[in-house]
Amino acid sequence: MEPLHEPVLRWYDAHARDLPWRRPDATPWAVLVSEFMLQQTPVARVLPAFPAWLERWPTPAALADAPSGEAVRAWGRLGYPRRALRLHAAATLIVEDHGGEVPAGYDDLLALPGVGEYTAAAVASFGFGARHAVLDTNVRRVLARAVQGVALPTVSVTRGERTLAASLVPDREPARWAVAVMELGAMVCTATAPRCDPCPIADRCAWRAAGGPPYDGPPRKPQPYDGTDRHCRGALLAVLRDADGPVREELDKAWPDTPQRTRALAGLLDDGLVVERAGRGYALPG
DNA sequence: TAAACGTGGTC
DNA sequence: TGACCAAGTTT
């Protein structure tokens, strides 16, 4: 039978989105920045933030030279602002340990703060054309359906998935396969209401062949937000991002519940997202 | 391993 | 309207 990658690559050739971090002139640094921004964040929200970031900090050295608080401020409302701090720390480490060049090796990438299994494989693959299994939520869903015949993958990556994903990587154009299967998951084999009609592998999809049975695994935990400490942290950080200098009363106003505000602020200080300015209030790190 | 960690769009 | 979801990592 025709290998799985062939119809997927043909589909990708015809339907790939023109995303800035996929262009031939995208540097490994640009790829790294895009991957940080895309962690748990939709493409549509990254699209405007990505070029603005690169224009300001076109190299790891440029970002490393800036205060970490400026990275947090520029991160804006992308969410999970610790990513900005980690990207800044990664840039610093790239300057210190790799001469200012994003390392090409998986292990060196994995050693960078904020870079896990997925991001290391993605940067090695998209930034350098290396051959890696790139297993993100999109790919996991495609494989769960097409190969395993179930509606959705398990909560965490299994050994079996890694083995399966590795077995599917072609020798020719491995990075193109990685981006193609991700794109298929993002645009066609979506989490809800998959569009099987245009799917290039619908005729060999195990899930479809089984009649599209619903997800039957353990219940997935919903993620509350309203009124949580996370919500409070977000509100406090929004004030700090918009402030020029140290603030105190603005924070009190932004979140009147004092015990929770105090707890959240302590967490932000602990994370290094906020610093205290001797007796004058709080600010982003200088 | 489970829980924490932002934010906003969608059906 | 509200629950679900989005190119994860860290502890």
Side-chain angles (χ1 to χ4, degrees), chain A residues 16-17 19-22 26 30-50 72 75-87 89-90 109-127 132-142 151-159 165 175 178-187 189-195 214-215 218-241 254-255 263-264 266-268 270-274:
Chain A
R17 287 172 291 177
L19 300 174
W21 45 88
R22 288 181 183 165
V31 171
L32 184 67
V33 169
S34 76
E35 292 302 337
F36 266 81
M37 290 185 169
L38 288 163
Q39 290 169 4
Q40 296 287 284
T41 303
V43 166
R45 211 182 316 164
V46 171
L47 241 19
F50 173 77
V72 174
W75 199 252
R77 307 191 68 79
L78 282 177
Y80 292 141
R82 284 189 291 196
R83 289 181 293 168
L85 226 40
R86 289 175 181 151
L87 181 53
L109 289 164
L110 193 59
L112 299 174
V115 175
E117 190 178 331
Y118 161 75
T119 302
V123 174
S125 184
F126 308 146
H132 288 279
V134 180
L135 205 49
D136 80 323
T137 189
N138 292 302
V139 178
R140 295 188 65 218
R141 191 173 52 248
V142 170
L152 294 171
T154 53
V155 174
S156 50
V157 178
T158 65
R159 183 179 215 85
V179 71
V181 67
M182 281 178 67
E183 184 80 343
L184 185 66
M187 302 305 291
C189 195
T190 51
T192 58
R195 296 188 274 279
Y215 174 74
R220 304 162 118 71
K221 280 257 173 81
Q223 191 181 80
Y225 183 68
D226 286 346
T228 61
D229 283 6
R230 194 188 310 199
H231 187 179
C232 179
R233 286 167 58 108
L236 298 180
L237 219 41
V239 170
L240 267 355
R241 276 197 307 266
W255 201 272
R263 185 171 65 241
L268 290 170
D270 195 53
D271 290 342
L273 283 163
V274 175

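Per chain, numbering begins at 1; letters A, B, ... match sequence-line order. When reading the values below, keep in mind they use all heavy atoms of this one structure, side chains included, and skip hydrogens, waters and symmetry mates.
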Could you check if a side-chain atom of Trp75(A) sits within less than 4.5 angstrom of a side-chain atom of Leu87(A), using non-hydrogen atoms only?
yes
Quick one: are Leu237(A) and Val274(A) in side-chain contact, heavy atoms under 4.5 Å?
yes
Which part of the nucleic acid, if any, lies within reach of [X] when heavy atoms closer than 4.0 Å are counted: base, sugar-phosphate only, or nothing?
{"X": "Val43(A)", "result": "base"}
{"X": "Thr119(A)", "result": "sugar-phosphate"}
{"X": "Arg140(A)", "result": "nothing"}
{"X": "Ala191(A)", "result": "sugar-phosphate"}
{"X": "Trp75(A)", "result": "nothing"}
{"X": "Arg263(A)", "result": "nothing"}

Euclidean distance, Arg233(A) CZ relative to Asp271(A) CG, rounded to 0.5 Å
4.5 Å
Can you measure from OG1 (Thr41(A)) to CZ (Arg77(A)) and round to the nearest 0.5 angstrom?
13.0 Å
When you compare the side chains of [X] and [Y], does any donor N or O come within less than 3.5 Å of an acceptor on the partner?
{"X": "Thr190(A)", "Y": "Arg141(A)", "answer": "no"}
{"X": "Gln223(A)", "Y": "Arg230(A)", "answer": "yes"}
{"X": "Gln39(A)", "Y": "Tyr118(A)", "answer": "no"}

Its 5'-most and 3'-most nucleotides having an atom under 4.0 Å from a non-hydrogen atom of chain A, DNA chain C is contacted over dC4(C) to dT10(C)
Begin with the C-alpha distance, continue with both residues' side-chain angles, and end with the deciding distance and a verdict on side-chain contact (heavy atoms from CB on, under 4.5 Å) for Leu19(A) and Val43(A).
CA-CA 9 Å; Leu19(A) 300 174; Val43(A) 166; 4.0 Å; yes
Got a sec: does the CZ of Arg159(A) have more than 12 other heavy atoms crowding it under 6.0 Å?
no
Return whichever of Glu35(A) or Pro222(A) has its heavy-atom-nearest nucleotide of DNA chain C closer to the 5' end.
Pro222(A)
Mapping Leu112(A) and Trp21(A) onto DNA chain C by nearest heavy atom, which one lands closer to the 5' end?
Trp21(A)
In whole angstrom, give me the gap between the [atom1] atoms of [N] and [M].
{"N": "dG8(B)", "M": "dT9(C)", "atom1": "P", "result": "23 Å"}
{"N": "dA7(C)", "M": "dA3(B)", "atom1": "P", "result": "23 Å"}
{"N": "dA6(C)", "M": "dC11(B)", "atom1": "P", "result": "12 Å"}

For the aromatic rings, using the six-membered ring if either is Trp, is the centroid distance between Phe50(A) and Trp21(A) under 6.0 Å?
yes
Could you give me the stems involving DNA chain C, meaning stretches of three or more consecutive Watson-Crick or G-U wobble pairs whose two defining distances are both below 3.5 Å?
B:2-5 with C:8-11, B:7-10 with C:3-6
Which heavy atom of Cys189(A) sits nearest a heavy atom of Val142(A), and at what distance?
CB-CG2, 3.9 Å
Nucleic acid footprint by protein, nucleotides 1-11 of chain B - heavy-atom cut-off 4.0 Å, B for base, S for sugar-phosphate alone
--S-BBBS---
